[in-house]
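Residues: numbered from 1 along the sequence shown. None of these values were measured; they are calculated from a predicted model.
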Amino acid sequence: MVEKVEGRVRIKEVVPGGIGEAVGIQVGDVIEAINGEPIRDPIDYRFHIGDEAVEVHLRRGEAPAIFDIEKDADEDLGIVLDDMPILKCNNKCVFCFLHQMPRGMRKTLYYQDDDYRLSFLHGAYVTLTNLSEEEFRRVVDQRLSPMYISVHATHPDLRGQLLGRSEPVDVMERIQFLARHDIQMHTQVVLCPGINDGPHLKRTVFDLAACYPDVASVGIVPLGLTRYRKNLPELHPVTPEVAVDCADRVTGWQERLKRRLGINFVYLGDEFYILAGRELPDRAHYDGFPLLENGVGMVRRFIDAFEEGVADLESVCPDPLRATLVTSVLGAGFMRRMVDRLNRLSWLNVHLIEVRNRFLGSGITVSGLLTGGDIRDALKARWVPADVVVLPPNCISHTGVFLDDLTPSDLSENLGCEVLVGSYDLVETLKDVVKGRGGREVGRETGEAAHPYISSRQVV
């Protein structure tokens, strides 16, 4: 990780038949500038390569080189750039999940990034505390919109406390600057009971609502506490009682904001409704699901897709199939109803396994943080003969490994049964099983398994 964005980007691939190859650009060349503008990363490259006439300044070893290129405005040079180093976080958030991880795991699990470019490219949430004035100007000049901002509290003293700083941290000044330049923002609050809830949460929501439509949404998600939380500030979990109180408060705010703004504006993570024992809101509540990747409305989308597609399985008449579905503590409640519906089909026998998180602790109840070892042990303890075991799609990385470096293939060998990774559409997953295609194919990547959006090569 790096503390600031430097210039110069190395070319790691030249596409055969492209402009770059035709003019003599080579792998290993370093792009220093295009049309006199420094190139610090792939975003700069994409922004400046759009002209029809480009003057590309390279360095080949110690020797400079200049290429004057005429091309169509939408035409690329046919080169692939090295991954950009990632800006590191300069906070010590009291609820930071990475500070609660056990030692000895792979390096990529400890990436503590806070990079505004990843916010634009991948929807990663950033605090905006490590940006220079030049970088704020870059966000505006290059239209890096939308941005996803971890706010947590708009009161400067409270935000400073939450970010683990000794001084106040004013986020509204930064947000108002971006709003004046028409940068769209989605914001997040990690709810820490007894700290930034109650009146503090109300202030945060309505401070941000005053910047609508530039601030397009606020997502409220619960903090996660692992059993490895030692020598850190004392925090309290989001209990069912806290979830009920928060849901009641937010529902009232949504009614007011709906009348004023035309949308609910503030949205609770799915865990709040499940913990509170309440039905999830319908799809209209989420106003187009702007925060889906943050676990806001994901369960509603999953349930709706199932209810809309399950009737299609009635016309499927394969050989009898015995399937075991793996889920987390949080997912078991709504998954049980799905399993009951599936077991009405004459050809299908479905068994649900709820896996408790022994690795990180009972306070972690989501499927995305289940380990292969916990899943294996739960399956073996309550094993029912099955033709296939279907895993949740978010419990492995895109390189095919669980948090503890086991793979679905490891589970398959251990259980003597096919193990595959499902999708966020359970009906389509079962159709794929019947067709013999299985779920998403995964495998272990050479080297370290990657962060969800960061390559291990980006950390220096």
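In this structure, Gln142 and Asp44 have side chains that are in contact, with non-hydrogen atoms separated by less than 4.5 Å. At a threshold of 4.5 Å between non-hydrogen side-chain atoms, the residues His181 and Asp214 do not count as touching. Counting heavy atoms from C-beta on, the side chains of Val350 and Leu430 never come closer than 4.5 Å. Leu325 is listed as a side-chain neighbour of Val339, based on a closest heavy-atom distance under 4.5 Å. In this structure, Glu55 and Ile34 have side chains that are not in contact, with every pair of non-hydrogen atoms separated by 4.5 Å or more. For the pair Val169 and Pro156, the minimum side-chain heavy-atom distance is 4.5 Å or more. Between Asp425 and Lys431 there is no side-chain heavy-atom pair separated by less than 4.5 Å. Inter-residue side-chain proximity for Leu275 and Val238 is flagged as met; some heavy-atom pair is nearer than 4.5 Å.
In this structure, Lys258 places its NZ atom where more than 12 heavy-atom neighbours from other residues, nucleotides or ligands lie under 6.0 Å away.
Using a cutoff of 4.0 Å between basic side-chain nitrogens and carboxylate oxygens, Asp41 and Arg117 are scored as salt-bridged. Classification of Arg40 and Glu134 as a salt-bridged pair holds, one side-chain N sitting under 4.0 Å from a carboxylate O. With respect to Asp340 and Arg344, no salt bridge is recorded, no charged nitrogen being found less than 4.0 Å from a carboxylate O. Ion pair Asp76/Arg46 flagged as a salt bridge, since at least one NZ, NE, NH1 or NH2 atom sits closer than 4.0 Å to an Asp/Glu carboxylate oxygen. A salt bridge links Glu314 with Arg341: the distance from a Lys NZ or Arg NE/NH1/NH2 to an Asp or Glu carboxylate oxygen falls below 4.0 Å.
Here the closest heavy-atom approach between residue Asn35 and residue His48 is recorded as ND2-O, 4.5 Å. Shown here for His186 and Tyr125, the closest heavy-atom pair between the two residues is O-CE2, 3.9 Å. Listed here is the closest heavy atom pair of Pro193 and Leu223: CD-CD2, 3.7 Å. Across all non-hydrogen atoms, the minimal contact from Pro237 to Val242 is O-CG2, 4.5 Å. When all heavy atoms of Val126 and Asp114 are compared, the closest pair comes out as CA-OD1, 3.1 Å.
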Assess the residue pair Arg165 and Asn90 against the criterion (side chain to side chain donor-acceptor pair (under 3.5 Å)); give the C-alpha distance rounded to whole Å, side-chain angles, the decisive distance to 0.1 Å, and a yes or no. CA-CA 9 Å; Arg165 291 174 170 267; Asn90 62 0; 2.9 Å; yes
Side chain to side chain donor-acceptor pair (under 3.5 Å) for Thr429 and Ser423? Distances and angles first, verdict last. CA-CA 6 Å; Thr429 295; Ser423 72; 3.1 Å; yes
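Residues Tyr267 and Asn294 bring no donor and acceptor atom of their side chains to less than 3.5 Å of each other.
Annotation: cation-pi geometry not satisfied between Arg300 and Tyr286 (NZ/CZ under 6.0 angstrom from ring centroid, within 45° of ring axis).
Between His152 and Phe95, a ring centre-to-centre spacing shorter than 6.0 Å is recorded. If you look at Tyr424 and Phe302, their ring centroids are not closer than 6.0 Å.
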